Amino acid sequence: DGGITQSPKYLFRKEGQNVTLSCEQNLNHDAMYWYRQDPGQGLRLIYYSQIVNDFQKGDIAEGYSVSREKKESFPLTVTSAQKNPTAFYLCASRPGQGHEKLFFGSGTQLSVL
Amino acid sequence: SQQGEEDPQALSIQEGENATMNCSYKTSINNLQWYRQNSGRGLVHLILIRSNEREKHSGRLRVTLDTSKKSSSLLITASRAADTASYFCATDAPPSGTYKYIFGTGTRLKVLA
C-alpha cells in the first residue's frame, strides 16, 4: 500500500528536549517537504529536499533540522531552540522534476508538556 | 512569508448551493494549485492551473486564474455535506524548477445538510 507515513501521530516534548518526527514514503518520490500548521492557519514551509543528500531552508527553518540520507526518509528534528513548537506538522512528497503535485502524510501533532 | 491569502476565511452554505473562495498572491507564479484538508488530516490535491491558463474544470470544481490581478478563485458547484473541509491555494513562484510551494491561509467551508 503506497503512501507517506508520519509517526508518531501525537508527540509530547518537555522543555529543553529535542524531538524527531518521522516521515517515510514508499512512492519512490525524489522530493520531500516539511510544513508547520498552527491552529486555524495555513501551512508554513520549514525545509524541503529535491534529492537525496540535499535540502534547503524554507521560511521558518530556525529551531529545526533535517537530514535526507535515504530517498524514502526525511526526518525532522525540533530542537530546544524552537521556543514555540506546539503545532501540527505535515510531511509531503513530490515525484520529481516536472511533477508539481504534492502528496501529504496524515500529520503529527506536537505539544509541549 | 505566506504567498497566498484566501477569502473568505470561513464560509457556511446549504447543501446544493455553490461555494466560491478566492486566493490572492504576491509575486508572479509558474502555477497555482488548490488543496483540500479535512479536519486533523493531511492535504489532498484538487486541481492545478498554469500561469498561461485562465480557467480549468474538474468534475464539480472550476478554477480561474487572473495573473494581472494576482488572484484565483475556486468554485465548487452543487455542494455536498462531504465537501466540508478547509481549502488552500499553493503557489510555485519562479524561477522554474525551485518547486518551493507556499500555501495560503485557507478558507474553512461548512456545508449544511
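Here is how names work: the chains are called A, B, and so on, in the same order as the sequence lines, proteins then strands, and each is numbered from 1. Just so you know, these numbers come straight off a predicted model, no measurement behind them.
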Point to revise | Side-chain touch A/Tyr48/B/Tyr101, heavy atoms, less than 4.5 angstrom | key: no

**Study point:** Pairwise distance CZ(A/Phe88) to CG(A/Leu43) - rounded to 0.5 angstrom
**Key:** 9.0 Å

Just distance, no hydrogens or angles: give the donor-acceptor pairs under 3.5 Å from side chains in residues 104-113 of chain A, sequence neighbours left out.
unit_1   : atom_1 : unit_2  : atom_2 : d
A/Thr108 : OG1    : A/Pro8  : O      : 2.6
A/Gln109 : NE2    : A/Ala87 : O      : 3.3

Review point. Are side-chain N/O atoms of B/Tyr35 and B/Gln33 paired as donor and acceptor at under 3.5 Å?
Key: yes

Review point. Say you draw a straight line from CD of B/Glu17 to OG1 of B/Thr20; how long is it, rounded to the nearest 0.5 Å?
Key: 11.0 Å

**Study point:** Under 3.5 Å: donor-acceptor pair, side chain of B/Glu5, backbone of B/Tyr25
**Key:** no

**Study point:** Side chain / backbone / both / neither for A/Gln50 at chain B, heavy atoms under 4.5 Å
**Key:** side chain

Study note, to complete from the structure: Turns out that what part of A/Gln6 lies under 4.5 Å from chain B's heavy atoms comes down to neither

**Study point:** Heavy-atom donor-acceptor pair, A/Trp34 side chain to A/Gly58 backbone, under 3.5 Å
**Key:** no

**Study point:** Polar side-chain atom of A/Asn26 near backbone of A/Gly3 as donor-acceptor pair, under 3.5 Å
**Key:** yes

Exercise for review: Kindly check if the number of other-residue, nucleotide or ligand heavy atoms within 6.0 Å of CG (B/Leu112) is above 12?
Suggested key: yes

Practice item. Working to the nearest 0.5 Å, report the span between CD of A/Gln56 and OH of A/Tyr33. Key: 9.0 Å

Revision key, fill the gap. From the list B/Ala90, B/Ser86, B/Gly106, B/Gly40, the residue making the most non-hydrogen contacts under 4.5 Å with chain A is B/Gly40

Point to revise | Residues of residues 13-23 of chain A near chain B, each having a heavy atom less than 4.5 Å away | key: none

Check your understanding: So which bits of residues 55-80 of chain B come within less than 4.5 Å of chain A, counting non-hydrogen atoms only?
Key -> none

Point to revise | Contact origin within A/Leu90 toward chain B - heavy atom pairs under 4.5 Å | key: side chain

**Study point:** Residue-level contacts of residues 64-72 of chain A with chain B, using a heavy-atom cutoff under 4.5 Å
**Key:** none

Review point. So which part of A/Tyr35 gets closer than 4.5 Å to some heavy atom of chain B, the side chain, the backbone, both or neither?
Key: side chain

Study note, to complete from the structure: When the 4.5 angstrom heavy-atom criterion is applied to B/Leu43 and chain A, the contacting part is both

Exercise for review: Check whether any side-chain heavy atom of B/Tyr87 lies under 4.5 Å from a side-chain heavy atom of B/Glu6, and answer yes or no.
Suggested key: no

Exercise for review: With rounding to the nearest 0.5 Å, note down the distance linking CD in A/Glu24 to OG in A/Ser73.
Suggested key: 4.0 Å

Review point. Chain A heavy atoms under 4.5 Å from B/Gln37: which part of the residue, side chain, backbone, both or neither?
Key: side chain

Check your understanding: Of all of A/Arg94, A/Gln37, A/His99, A/Lys9, which one pairs up most often with chain B through heavy atoms under 4.5 Å apart?
Key -> A/Arg94

Review point. Do B/His45 and A/Glu100 come close enough that some side-chain heavy atom pair is under 4.5 Å?
Key: no

Review point. Say you draw a straight line from CZ of A/Arg36 to CD of A/Gln41; how long is it, rounded to the nearest 0.5 Å?
Key: 10.5 Å

Check your understanding: Quick one: does A/Leu102's side chain get under 4.5 Å of B/Phe103's, heavy atoms only?
Key -> yes

Exercise for review: Please report the closest heavy-atom contact between B/Ile29 and B/Leu32, naming both atoms and the distance.
Suggested key: CD1-CB, 3.9 Å

Check your understanding: Taking atom NZ of A/Lys101 and atom CG of B/Leu48, what is their separation to the nearest 0.5 Å?
Key -> 10.0 Å

